[in-house]
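For reference, the structure is listed below as structure tokens.
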Amino acid sequence: MDASYTKSRLYALRHSAAHLMAQSVLQLFPDAKLTIGPPIENGFYYDIDFGDTKITEEDLAKIEEKMRENAARDLPIVKEVLTREEARKRILDLKQDPYKLELLDDIPPEEEISFYTQGEFTDLCRGPHVSRTGEIQHFKLLNIAGAYWRGDERNKMLTRLYGTAFETKEELEEYLHNLEEAKKRDHRVLGRQLGLFMFSPNVGSGLPLWLPKGAVMREVLTDFLRQAQLERGYQPVVTPHVGNAKLWEISGHLHTYRDKMFPIMDDGREQFLLKPMNCPFHIEIYQSELRSYRDLPIRYAEFGTVYRYEQSGELAGMLRVRGFTQDDAHLFVTPEQLLDEFKGVVDLMLVVLDRLGLRDYSVRVGTRDPEDDKYVGADENWEQSEKAILQACEDLGLAYQVSPGDAAFYGPKLDLMIKDALGRTWQMGTVQVDYNLPERFQLEYIGEDGKPHRPIMIHRAPFGSLERMIGLLTEQYAGAFPFWLAPVQVAILPIADRHIPYAERVRAELLAHRPGLRIQLDDRRLTLGKKIAEAQSNKVPYMLILGDRDEEAETVSVRSREEGDLGGMCVEGFAAMLPAD
RNA sequence: GCCUUUGUAGCUCAGAGGUAGAGCAUCCCCUUGGUAAGGGGAAGGUCACGGGUUCGAUUCCCGUCAAAGGCUCCA
């Protein structure tokens, strides 16, 4: 949230709406305990402990009704500053312990302690608020969710009530309308409509099945990246989906990552794991020979499918699945090469983003959370690698934000973050510096001095995963993919059966001009309008309509997805007007 | 995993304590057509699965599975 929002009247209005909701909740459920209730990007929420009472959507409607009554009372909202002792007493009087007392204890000594009161309702709160409840006119409660106290799953689960509020009725209605519109761009809806991918309960939760058109998109994307990587000195490798559990014991995954892995397979002699990451395999390849400093950097790339046993409640269409293909690579570099190689990777990521037409992304540098002990490796290595990442960002002029606690357990990283149709942020591409695995696997190269040295690893995936990337691209483009990515690029629509032979000729000629062009010839006996409607809803970039007139003149009638009827032209002319790639 | 919600034909959805309907898609027939859906007919459902209440459950209750929105965690 940017500063202009947090200082805006809208922000205060939503904050006050949260209070209005809390007031109404206490009228209906006097034993409820309030915790925190802030404004958020598109509205507000309040986390409330309802004890053993289950809150349902019917209650939400009642609460909203009560809110309208309290707004109509047009109560003044009054601020009051208390001392810490007075505040403690007030909270106990209001029966809002223990949560509010905990919050009170967190307020630093130099900060003032304020309460806001409207009618019989008083809440510990930093403010600011609007001046009267009557100002809160255009709001709606949206949904109920569970949320852990202080965001920690070891704590009690509270009930979170979400709502939104706006200055005007029009803005509220527009927001609700946009929510509906966003649902139409949902990749799960479009994925089915466009025949890209599916899930089947018979296969398993979070395990996608790629349909022919989605599989084509995967190939287009991998071909593109494979080429870009070849140009940058990457070498392809291929490794299995399963491997001996010992590998992950050495890597530390079994210790740190166990609950994210599918259960161990045990044949009584050996134990195997479905790989959650490709790194140990690439490391084995690195170690298959004695390496010289002259060999480095080594860049092993693999479109590797990995399996992670994500919590069931976390799965989200293609954006979070349990089996996915990373456009993975591991770079083995000397300390002197680290910065340049890191920059090279980020540069490749920017090329990829540009190609995909993704402009609206943010860069997050994930560093260690000093409070957390999940991280492995020496402090000086962490410091060095965090420094290298920040240096690379500076050198490349990237706008980034540092996010403590978002590092991988083995090293800091740089992530590309992109929003989906519903405004949720997802991590896409990632680059991670790793001193830990080289240590654990005792990786070495022989340096100029003839002595063994330890390389540094860089893990990186510009797409992140094909699943997430294609899911996200589907939402970004609302299914109308750019020409080079469209699963079907040209639909040939003969008007009547007698035009099919001509359609076949046109297809052959078009392929001669543009080898590999993805053409679909619709030779079904349907009306032209029907064929166009179908091709249009499948978002095919170009349609070629072929009837008597075209056959006679040796032309094709072109219809574009965006611009409609473009008129007749010869096949060569059409081939020439197609986008270059 | 936890909280809330949902699960009816391939898809989108309607329905009610007494044994289920529409549109689209599918199949057949007619239509050979010029820029977003020609006409007619047929077929298609253990109402997610398993228990319970009831004379009777797809409908009410419990459990399981799956999905959605959150929370915690990650490409």
Side-chain angles (χ1 to χ4, degrees), chain A residues 45 47 50 54-57 59-60 142-162 179 183 186 188-189 192-193 198-202 204-206 257 259-260 276-277 304 306 308-328 366 374 406 408-409 413 415-416 422 424 426-430 432 459-469 471-472 493-500 525-537 543-550 557-560 564-568:
Chain A
Y45 69 80
D47 283 348
F50 283 94
K54 300 269 181 214
I55 298 302
T56 67
E57 299 205 333
D59 296 312
L60 211 56
L142 296 172
N143 40 42
I144 305 171
Y148 300 104
W149 168 236
R150 311 223 134 177
D152 189 329
E153 66 181 330
R154 289 166 298 196
N155 287 342
K156 177 158 188 184
M157 179 157 283
L158 309 168
T159 303
R160 176 172 295 181
L161 306 179
Y162 279 97
L179 274 185
K183 283 184 194 155
D186 189 317
R188 289 165 294 207
V189 175
R192 164 162 283 291
Q193 260 172 36
M198 60 173 282
F199 291 89
S200 163
N202 298 327
S205 200
Y257 214 75
D259 58 337
K260 281 290 166 70
M277 293 175 175
V306 297
R308 298 184 186 175
Y309 198 74
E310 300 292 345
Q311 298 190 90
S312 57
E314 267 311 300
L315 302 172
M318 283 302 215
L319 299 180
R320 182 171 286 107
V321 292
R322 282 179 170 166
F324 57 96
T325 303
Q326 291 180 313
D327 52 332
D328 207 2
K374 74 172 178 180
D406 276 319
F409 73 84
K413 57 181 188 160
D415 297 321
L416 293 171
L422 292 176
R424 297 174 296 196
W426 297 91
Q427 177 187 323
M428 309 302 292
T430 181
Q432 313 176 350
H459 310 242
R460 44 108 279 179
F463 295 149
S465 78
L466 288 165
E467 285 70 16
R468 187 174 282 178
M469 183 50 83
L472 198 111
L493 313 180
I495 290 175
D497 288 357
R498 65 175 179 279
H499 306 121
I500 291 175
R525 282 188 53 177
L526 298 172
T527 56
L528 178 64
K530 182 87 171 167
K531 289 182 182 182
I532 290 173
E534 212 167 286
Q536 192 73 38
S537 58
M543 293 165 230
L544 299 183
I545 290 144
L546 305 182
D548 293 335
R549 296 204 296 260
D550 306 283
S557 293
V558 180
R559 183 188 160 99
S560 119
D565 193 352
L566 298 180

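This is a predicted model, so every value here is computed, not measured. Just so we're on the same page: letters track the sequence lines, and every chain starts at 1.
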Return the nucleotide paired to [N]: Watson-Crick means purine N1 to pyrimidine N3 with N6-O4 or O6-N4, wobble means G-U with N1-O2 and O6-N3, both under 3.5 Å.
| N | value |
| --- | --- |
| B:C13 | B:G21 |
| B:C2 | B:G70 |
| B:A36 | none |
| B:C60 | B:G52 |
| B:G44 | none |

Sidechain N-carboxylate O distance under 4.0 Å for A:R498, A:D548:
yes

Salt-bridge present (A:R154, A:D152; N to O < 4.0 Å)
yes

If only side-chain N and O atoms of A:R188 are considered, is one of them under 4.0 Å from the OP1 or OP2 phosphate oxygen of B:A68?
yes

Stacking check A:F324 vs B:A75 (5.5 Å / 30 deg):
yes

How many Å lie between CG on A:L493 and P on B:U32, as a whole number?
19 Å

Give the rounded distance in Å between these two atoms: CH2 of A:W149 and C1' of B:C2.
18 Å

Does A:R160 use its side chain to pair, donor to acceptor, with the backbone of A:A145 at less than 3.5 Å?
no

If you go through the side-chain atoms of A:R525, does one of them form a donor-acceptor pair with the base of B:U31 closer than 3.5 Å?
yes

Could you work out the separation of B:G52 and B:G10 based on their C1' atoms and round it to a whole Å?
33 Å

Gap in Å between the two P atoms, one belonging to B:A57 and one to B:G51, rounded:
12 Å

For A:R322, answer base if it contacts any base atom (sugar-phosphate contacts may also be present), sugar-phosphate if it contacts only those atoms, and nothing otherwise; contact means non-hydrogen atoms under 4.0 Å.
nothing

A side-chain contact here means heavy atoms from C-beta on lying under 4.5 Å apart; do A:F324 and A:R308 qualify?
yes

